[in-house]
Amino acid sequence: MARIIPIEGERREAVDAAIGVLSKARPVAMPTETVYGLAADATDPAAIASIYETKGRPRFNPLICHMADLEMAERYAIFDPISRSLAERFWPGPLTLVLPLKPDSAIHPLATAGLDTVGIRVPRGFAGELIRAFGRPLAAPSANSSGKISPTTAQHVDADLGDRINLVIDGGPCQVGVESTILKVEDGRIRLLRPGGVPVEAIEEATGLVVERPKGTGTAAIEAPGMLASHYAPNAHVRLDAISVMPGEALIRFGSQPVDGMGQAAAVLELSPTGDLGEAAANLFGLLKKADQTGAAGIAVTPIPDHGLGEAINDRLQRAAAPRNV
Ligand code: AMP
Ligand code: MG
C-alpha cells in the first residue's frame, strides 16, 4: 500500500518524501485545490510514462504541466498578452492555459502527446511549494484510474491507486473539487476548451472579452483530445435533470426542494442544501462515489443551474451520464 503523509504538522517531511519519489522518476499523488493529482517530472520521459501506466491513460491525451509561478512557466511556453494577463489575474488557481511551447522547451513530448502546445497551470498551496522545491514542472492528471471519478480526498486516491503508487500526500479535502478551466487564446480571442474551477463569467469580467464556447455540447473535441465523452464514470447509470426518484435509485440533490419519491430513494445525498454552487462543486465527486457505493442501480441528479461553477458541474455530470464504450 502507499505511504500516506499528512501535510498538517509534517509539511517538511511531505515535501522531502515527495521529492525523493519524484527524483526516482516515480509518480506522487498530491493535493491541489481542484482534485488530487498524480504528479511526475514533466521533463523526464520515464516519469511521464509511469503516470500513463499507473492510470491506464491513453497516450494521445496530453497532461497539464504544473508550474511554481508565472516566471517558471515562461521558461517553457510563449505567452501572448491576453494569456499573460489571465495568468497574472488567476494564478495560482484553477485555470489552465494552452500555450505554444518554446522551441527548446524541456517539457518532454510525452507530456504534450507530441503537440506543439502545452497546457500549463500554477496550483495553489502545497503543490506549488513542492514544484518550487523540486525545481522542475510536474505533469499531473487527476490521481485516478483513467475514466473513473476524480479523487478529492487522499482516501479516494488510496482506494483506487494505493497498490500502484508509493506515496500519497494528504492535504485534506480539495477546496474547489472540480478540475481547472482550460482556455486557449488565439488571435486575440479566448476559447473555452473545458469549463472548470474558474467560472467563465470571471474570465469575461477580468478581460472584457467574450469567451467562445465550443460548438455543440460539451468540450472541444479536437483541441482537447482527452475530453472523452464518457468519463468520471460511476458503475451506476446516471440520470440528469431528475424531478423524481425511481425505485432503486440513489438521489443527489441540489438545493432543498422536495423531490418526488425521495422517501424510497436508496440514499439521499446533498450537493448543497443552500444552493451554493461552490459547495456543490467541492462535494460533487465525493457524492458520486458515495452514491455508487450504495450499490444502487441508478443515480438520479436534480437540475443544477448552468452558470458560474454550475457549468463545470454540469459538464462533469454529462460525462458521468454519457453512454459507455464510445
Ligand atoms: P487533466 O486530465 O485534468 O489532466 O486534463 C488534461 C486535459 O487538458 C487533456 O485531456 C486536454 O483536454 C487538455 N490539454 C492538456 N494539454 C493540452 C494541449 N496542449 N492542447 C489542448 N488541450 C490540452
Ligand atoms: Mg482526470
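Note that ligands are numbered from 1 as they come in the structure, with each ligand's atoms numbered from 1 the same way. Keep in mind that what you see is a predicted model, and the values were worked out from it rather than measured. Heads up: numbering here begins at 1 and tracks the sequence. Computation of the quantities below employed the complete heavy-atom set of this structure, encompassing side-chain atoms and omitting hydrogens, waters and symmetry-equivalent molecules.
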- Item | Numbered atoms and elements of ligand 1 in range of L115, under 4.0 angstrom, heavy atoms | 18 (C), 19 (N), 20 (N)

- Query: Nearest to atom 6 (C) of ligand 1 by heavy atom, G37, G119, A139, P62: which?
  - Reply: P62

- Report the part of K55 (side chain from C-beta onward, or backbone N, CA, C, O) that has a heavy atom under 4.0 Å from ligand 1; answer both or neither where that applies. neither

- Query: Is Q257 atom CD crowded by more than 12 heavy atoms from other residues, nucleotides or ligands, each under 6.0 Å away?
  - Reply: no

- Salt-bridge criterion met for R84 and E74 (N-O under 4.0 Å): yes

- Message: For I243, is the CD1 atom crowded, meaning more than 12 foreign heavy atoms sit under 6.0 Å from it?
- Response: no

- Message: Would you say the Mg ion (ligand 2) has S142 as a near neighbour, meaning an N/O/S atom of that residue under 2.8 Å away?
- Response: yes

- With a 4.0 Å cut-off on heavy atoms, does I182 reach ligand 1? yes

- Would you mind listing which atoms of ligand 1 come within a distance below 4.0 Å of any non-hydrogen atom of V118? 19 (N)

- Sub-4.0 Å atoms of ligand 1 with respect to non-hydrogen atoms of T117: 18 (C), 19 (N), 20 (N)

- Task: For ligand 1, find out whether one of its N or O atoms is nearer than 3.5 Å to an N or O atom of S142.
- Result: no

- Query: Around atom CD of Q175, are there more than 12 heavy atoms of other residues, nucleotides or ligands at under 6.0 Å?
  - Reply: no

- Query: For ligand 1, which atoms, with element, lie under 4.0 Å from some heavy atom of P141?
  - Reply: 4 (O)

- Residues S142 and N144: side-chain donor-acceptor under 3.5 angstrom: yes

- Item | Salt bridge flag under 4.0 Å for residues R11 and E13 | no

- Message: Which of the numbered atoms in ligand 1 are under 4.0 angstrom from any heavy atom belonging to R194?
- Response: 1 (P), 3 (O), 5 (O)

- Item | Residue among R319, R194, R316 satisfying salt bridge (Lys or Arg N to Asp or Glu O under 4.0 Å) with E179 | R316

